[in-house]
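Note that the numbering runs from 1 along the sequence shown for the chain.
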Amino acid sequence: MALSYPLNLWRLSLLGAAALLVLAATACKSDYPASGKTADNKTQPRQVKTAKVAEIPIGETVTVNGNLAAYDQTTVGIKVPGRLETINVDFGSVVRKGQVIAQIEQQDYKLRVQQAEAALAQSRARLGLSPDGTDDRVTAEETGTVRQAKAVLDDARVKRDRAEKLVQQGITPRAEWESVDSEYKVALSRYQDALEEIRNRQGMLAQRRSELALSKQQLADTVVYAPLDGVVQEKKASSGEYLAAGAPVVTVVRIDPLRLRVEVPERESHNVRMGQSVRVIVEGDPETYLGYVKRLSPTISEQNRVLSVEADVRNNGRLRPGAFVKAEIVTNQTNTAITVPTNALVTFAGIDKVIIIENGKALEKTVTVGRRGDNWIEIKSGINTGQSVVLDPGNLQSGQSVSVAE
């Protein structure tokens, strides 16, 4: 009897272990897989839009780095000295050609115009013209000064002719004719002096007319106008400041279009021609800008063996002079490449992928990308022409059921 109790305890332990094994087996046959299968059957396929992988002409390109520069830059100065009365623009102001930028005090220049007008009226009066007329033409023989001298000359000529006849007839001594001839010569000289005086007055009138025009121009030059459409880069003067002739007021830059300046290596320079299109890419800006080659250097630089190239690039307001850019000069428009839309590419952790559809399931494909356009990306490897790629895949995962939306 002493040994029967431990033996019974050992049997009970075996029974308990067997019961645990049965419970474990029952748990392994639970409905977890079945419930998962049921959930999978209930999941609706995700509707997606697709696009075909296409081969399109994108052209051969020469890729270089460059800088954007203002198309034009000018420092606007004042043409006449004076105190700056007003300045209507500031740093960053957008200006249009012909817009008033600043103005010098005008009172002194208005007085000069009045003075020139008075001098002109005086010169016209000396020629027998109305003071306020605009026609300066005059006939010298019709002026009072010349007519008077002409009358004296005619009288002296008549007297001389009469005395000459009397001398020839022996009635009058020759000495009297010589006296009358001397009076005639004096009258002729005075007539010539009168003509010269009128011509001198005509010259003075022309001078007074030009002085009036100059004074009016100086008055007009007290107003400073924008010489071109652009933006004020720098304001260099302030109201109340006295400025000498030629003193700078503002610096204006024209930023549409912009000048793209690049240097093409000599080995690729023979492919660059006038008029070729240029794709401009700015870091941090998803948009690609289009330009055209407009200017080529006539020589290759001996220092660094490059060709200087300039292109004009239209600016939508987001480009700024001085920006560092990447430029692709399209040298052959007929070259093609396999491409997908830009919204089909997914980049995560530096890996580029697209999602295609196989047997109603989404399938990720790692790809190698190349050049980029406004709405396309070149695919160098990973997928083939004709395959369909999902647009805007978002969080779509490989293996997920999908259906193509019409």
Would the number of heavy atoms belonging to other residues, nucleotides or ligands and lying under 6.0 Å from CZ of Arg137 be above 12?
no
Establish, from distance only, whether the side-chain atoms of Glu141 and Thr139 form a donor-acceptor pair under 3.5 Å.
no
Is the number of heavy atoms from other residues, nucleotides or ligands within 6.0 Å of OH (Tyr242) greater than 12?
yes
As a quick check of understanding, evaluate side-chain contact (heavy atoms from CB on, under 4.5 Å) for Ile379 and Thr368, giving each step before the final call.
CA-CA 6 Å; Ile379 303 298; Thr368 303; over 6 Å; no
So, Glu196 and Arg199, do they make that salt bridge, N to O below 4.0 Å?
no
Take a 6.0 Å sphere around CZ of Phe324 and say whether it holds more than 12 heavy atoms from other residues, nucleotides or ligands.
yes
Spell out, as yes or no, whether a donor-acceptor pair under 3.5 Å connects the side chain of Ser269 to the backbone of Glu266.
yes
Heavy-atom closest pair (Ala327 atom, Val262 atom, distance to 0.1 Å) is CB-CG1, 4.2 Å
If you look at every heavy atom in Lys294 and Met274, which pair is closest and at what distance?
O-CE, 2.6 Å
Taking atom CZ of Arg46 as the centre, does the number of heavy atoms from other residues, nucleotides or ligands within less than 6.0 Å exceed 12?
yes
Distance only, no hydrogens: is a donor on one side chain within 3.5 Å (strictly under) of an acceptor on the other, for Gln106 and Thr222?
yes
Is the backbone of Gly240 close enough, under 3.5 Å, to the side chain of Arg83 for a donor and an acceptor to pair up by distance?
yes
Salt bridge check, Asp154 against Lys150: does any charged N sit closer than 4.0 Å to a carboxylate O?
yes
Looking at Gln148 and Ala194, would you say the former's side chain and the latter's main chain have a donor-acceptor pair under 3.5 Å?
no
Do Lys185 and Asp181 sit within salt-bridge range, that is, some charged N less than 4.0 Å from a carboxylate O?
yes
Side chains of Asp352 and Thr347: any donor to acceptor distance under 3.5 Å?
yes
Between Ser93 (side chain only) and Asp90 (backbone N and O only), is there a donor and an acceptor less than 3.5 Å apart?
yes
So, Asn200 and Arg126: side-chain donor and acceptor under 3.5 Å apart, yes or no?
no
Considering residues, nucleotides and ligands other than Lys79, do more than 12 of their heavy atoms fall under 6.0 Å from its NZ?
no
Assess whether a salt bridge exists between Arg201 and Glu197, defined as any Lys/Arg side-chain N lying under 4.0 Å from an Asp/Glu carboxylate O.
yes
Just list the side-chain donor-acceptor pairs under 3.5 Å for residues 223-232, sequence neighbours left out, or say none.
{"from": "Asp229", "atom 1": "OD1", "to": "Lys97", "atom 2": "N", "distance (Å)": "2.6"}

Under the side chain to side chain contact (heavy atoms under 4.5 Å, CB included) test against Pro393, which residue among Leu345, Val346, Val354 passes?
Val346
NZ/NE/NH1/NH2 to OD/OE distance under 4.0 Å, Asp155 and Lys159
yes
Using a 6.0 Å cut-off, check whether atom CD of Gln122 has over 12 heavy atoms from anything other than its own residue.
no
Report yes or no: does Arg273 contribute a side-chain atom to a donor-acceptor pair with the main-chain N or O of His270 at less than 3.5 Å?
yes
Check this for me: does any side-chain nitrogen of one of Arg124 and Asp132 sit under 4.0 Å from a carboxylate oxygen of the other?
no
Step by step, work out the salt bridge (charged side-chain N to carboxylate O under 4.0 Å, His left out) result for Glu358 and Lys361.
CA-CA 5 Å; Glu358 283 190 0; Lys361 302 285 186 178; over 6 Å; no
Going by side chain to side chain contact (heavy atoms under 4.5 Å, CB included), Val95 matches just one of Val250, Val100, Asn88, Val89. Which one?
Val89
As a quick check of understanding, evaluate side-chain contact (heavy atoms from CB on, under 4.5 Å) for Val402 and Val390, giving each step before the final call.
CA-CA 10 Å; Val402 295; Val390 177; 5.9 Å; no
What is the minimum heavy-atom distance between Leu260 and Val325, and which atoms define it?
CD1-CG2, 3.5 Å
Return yes if some donor-acceptor pair links the side-chain N/O of Thr63 with the main-chain N/O of Glu328 below 3.5 Å, else return no.
no
Closest non-hydrogen contact found for Ile356 with Lys365 is CD1-CE, 3.7 Å
Test side-chain hydrogen bond (donor to acceptor under 3.5 Å, both in side chains) on Glu55 and Thr336 and set out the steps.
CA-CA 6 Å; Glu55 185 174 3; Thr336 62; 2.8 Å; yes
In short, Ile104 meets Val80 closest at the heavy-atom pair CG1-O, 4.5 Å
Hey, could you give me the CG/OG1 distance between Leu307 and Thr299, rounded to the nearest 0.5 Å?
8.0 Å
Does the pair Arg279 and Val330 meet the rule for a side-chain contact (heavy atoms from CB on, under 4.5 Å), with working shown?
CA-CA 8 Å; Arg279 293 192 291 265; Val330 181; 3.5 Å; yes
Is the number of heavy atoms from other residues, nucleotides or ligands within 6.0 Å of CZ (Arg305) greater than 12?
yes
Residues at least two apart in sequence or cross-chain that pass side-chain contact (heavy atoms from CB on, under 4.5 Å) with Val113, listed by chain then number, are Glu117, Leu212, Ser215, Lys216, Leu219
Can you name the nearest heavy-atom pair linking Ser277 to Leu290, along with the distance?
CB-CD1, 4.0 Å
Neighbour count >12 (heavy atoms, 6.0 Å) for atom CD, Gln115:
no
If the condition is side-chain contact (heavy atoms from CB on, under 4.5 Å), which residues does Ser182 pass it with, not counting sequence neighbours?
none
Any side-chain to backbone donor/acceptor pair from Asp256 onto Asn315? Under 3.5 Å, distance only.
yes
Would you confirm whether Gln387, through its side chain, and Asn384, through its main-chain N or O, come within 3.5 Å as a donor-acceptor pair?
yes
Under 3.5 Å: donor-acceptor pair, side chain of Arg259, backbone of Tyr71
yes
